[in-house]
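No hydrogens, no waters, no symmetry mates; every other heavy atom, side chains included, goes into these values.
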Amino acid sequence: MDLSDLSTSLIACSVHESIYEDEEHRDRFEALFHVYDEHATFQLFQSFQRVQINFSNREAAAQARIELHDSDFNGTKLKLYFAQVQDTQDRANNSYLAPPPPMKQFLISPPASPPVGWRPIEDATPTINYDLLRAIATLGPGEKYEVHTGTEGTPSVVVHICDSENEDEGAVKAPKQQMVQTRRPDNMPAGKK
């Protein structure tokens, strides 16, 4: 009989409360399993009313499960189940997404310090278009300068010089546009008057 897929641990469910409180009952419970394996260890989970029994080999666990499942202990039936086997060797058939390789992890979550050999990028010096500055300097208010001549597929770029507010006081100024306030509607609801 092949026992390679079985666990070496059993879980006893719905265990009587006296096992957690009375040492004599606990010793009697443990003696049931020490018959199959003298080196068996026990982990008590009182809040779940469960006990995990760890055996040194699969054969002892299987024999204890066969003979003690549904047996009577302190007026309750023992329910024994194999603990889930964690197979860490068979990762080729794992259907879960693997974590990224360590080389790329600093891009996802940056480390506290930069990687060895990292240097900051030098900021590029700003590009100053002296031709554009010269052309703007020669223009007066109201004149325009065409920076880029348009073609059939591209628009032209034209710079217009705005009037300054520090103009001569004797010059004629264009009247400022006045904002017209929106009229209130004529038919107001009856309850709002």
Side-chain angles (χ1 to χ4, degrees), residues 1-128 179 181-182 184-185 187-193:
M1 182 155 120
D2 183 27
L3 302 175
S4 62
D5 59 339
L6 293 180
S7 173
T8 58
S9 298
L10 292 177
I11 304 287
C13 300
S14 303
V15 180
H16 195 272
E17 296 270 335
S18 62
I19 292 175
Y20 306 108
E21 299 160 358
D22 186 15
E23 185 133 354
E24 182 183 328
H25 284 98
R26 187 178 314 133
D27 290 341
R28 280 188 25 222
F29 179 79
E30 291 178 2
L32 290 173
F33 297 96
H34 281 303
V35 170
Y36 303 99
D37 186 2
E38 290 182 12
H39 304 291
T41 59
F42 300 87
Q43 293 172 306
L44 305 173
F45 303 108
Q46 184 174 2
S47 58
F48 297 110
Q49 289 187 335
R50 295 188 178 175
V51 177
Q52 181 171 339
I53 305 105
N54 303 308
F55 294 93
S56 58
N57 58 51
R58 291 179 173 89
E59 291 80 15
Q63 193 65 32
R65 163 68 166 83
I66 291 168
E67 294 180 12
L68 295 177
H69 183 67
D70 282 336
S71 64
D72 188 54
F73 179 78
N74 258 15
T76 59
K77 285 195 172 194
L78 279 180
K79 298 288 185 183
L80 298 174
Y81 301 98
F82 284 102
Q84 186 175 0
V85 178
Q86 297 293 327
D87 188 13
T88 56
Q89 296 172 354
D90 189 21
R91 294 197 178 209
N93 295 334
N94 195 350
S95 62
Y96 298 110
L97 183 64
M103 291 172 33
K104 300 280 185 176
Q105 283 182 352
F106 73 91
L107 295 176
I108 296 169
S109 174
S113 59
V116 176
W118 180 84
R119 299 263 183 254
I121 298 171
E122 295 283 332
D123 287 340
T125 55
T127 307
I128 300 172
M179 297 292 289
Q181 186 174 359
T182 307
R184 178 183 245 169
N187 47 355
M188 291 284 290
K192 299 269 182 171
K193 288 186 180 181

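When all heavy atoms of Leu80 and Ala64 are compared, the closest pair comes out as CD1-O, 3.9 Å. Between Tyr20 and Gln49, the shortest heavy-atom distance links the atoms OH-C, 3.1 Å. Shown here for Thr76 and Ser14, the closest heavy-atom pair between the two residues is OG1-O, 4.5 Å. When all heavy atoms of His34 and Ala40 are compared, the closest pair comes out as CE1-O, 3.4 Å.
Within the 4.5 Å cutoff, the side chain of Asn54 has no heavy atoms near those of the Phe42 side chain. Looking at heavy atoms from C-beta onward, Ile53 lies out of side-chain contact with Glu30 at the 4.5 angstrom threshold. Under the 4.5 Å side-chain criterion, counting only non-hydrogen atoms from C-beta, Leu10 is not in contact with Gln52. For the pair Leu32 and Leu78, the minimum side-chain heavy-atom distance is below 4.5 Å.
Within 6.0 Å of the CZ atom in Arg50, the count of heavy atoms belonging to other residues, nucleotides or ligands does not exceed 12. Taking a 6.0 Å sphere around CZ of Phe48, one finds it holds 12 or fewer heavy atoms contributed by other residues, nucleotides or ligands. Around CD of Glu38, the count of heavy atoms belonging to other residues, nucleotides or ligands within 6.0 Å does not exceed 12.
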Asn74 vs His25, test: side chain to side chain contact (heavy atoms under 4.5 Å, CB included). Steps then yes/no.
CA-CA 8 Å; Asn74 258 15; His25 284 98; 2.7 Å; yes
Walk me through it: do Asp70 and Lys79 pass the test salt bridge (charged side-chain N to carboxylate O under 4.0 Å, His left out)?
CA-CA 6 Å; Asp70 282 336; Lys79 298 288 185 183; 2.8 Å; yes
Stepwise, does the side chain to side chain contact (heavy atoms under 4.5 Å, CB included) test hold for Phe29 with Leu44?
CA-CA 12 Å; Phe29 179 79; Leu44 305 173; 5.7 Å; no
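No donor-acceptor pair closer than 3.5 Å links the side chain of His39 to the backbone N or O of Ser56. Panel note: side chain Asp37, backbone Ala60; no donor-acceptor pair is recorded below 3.5 Å. Judged by distance alone, with hydrogens and angles left aside, the side-chain atoms of Arg65 form no donor-acceptor pair with the main-chain N or O of Phe82 at under 3.5 Å. Using modelled atom types, one side-chain atom of Arg26 and one backbone atom of Ile19 make a donor-acceptor pair closer than 3.5 Å.
Atom OG of Ser7 and atom CZ of Arg58 lie 7.5 Å apart (nearest 0.5 Å). Interatomic distance, Asp72 CG to His16 NE2, rounded to the nearest 0.5 Å: 10.0 Å. For the atom pair CG of Leu68 and NZ of Lys77, the computed distance is 13.5 Å after rounding to the nearest 0.5 Å.
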For residues 119-128, which side-chain N or O atoms pair as donor and acceptor with protein atoms under 3.5 Å away, sequence neighbours left out?
none

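Checking Glu67 against Gln63 by side-chain atom types alone, a donor-acceptor pair falls below 3.5 Å.
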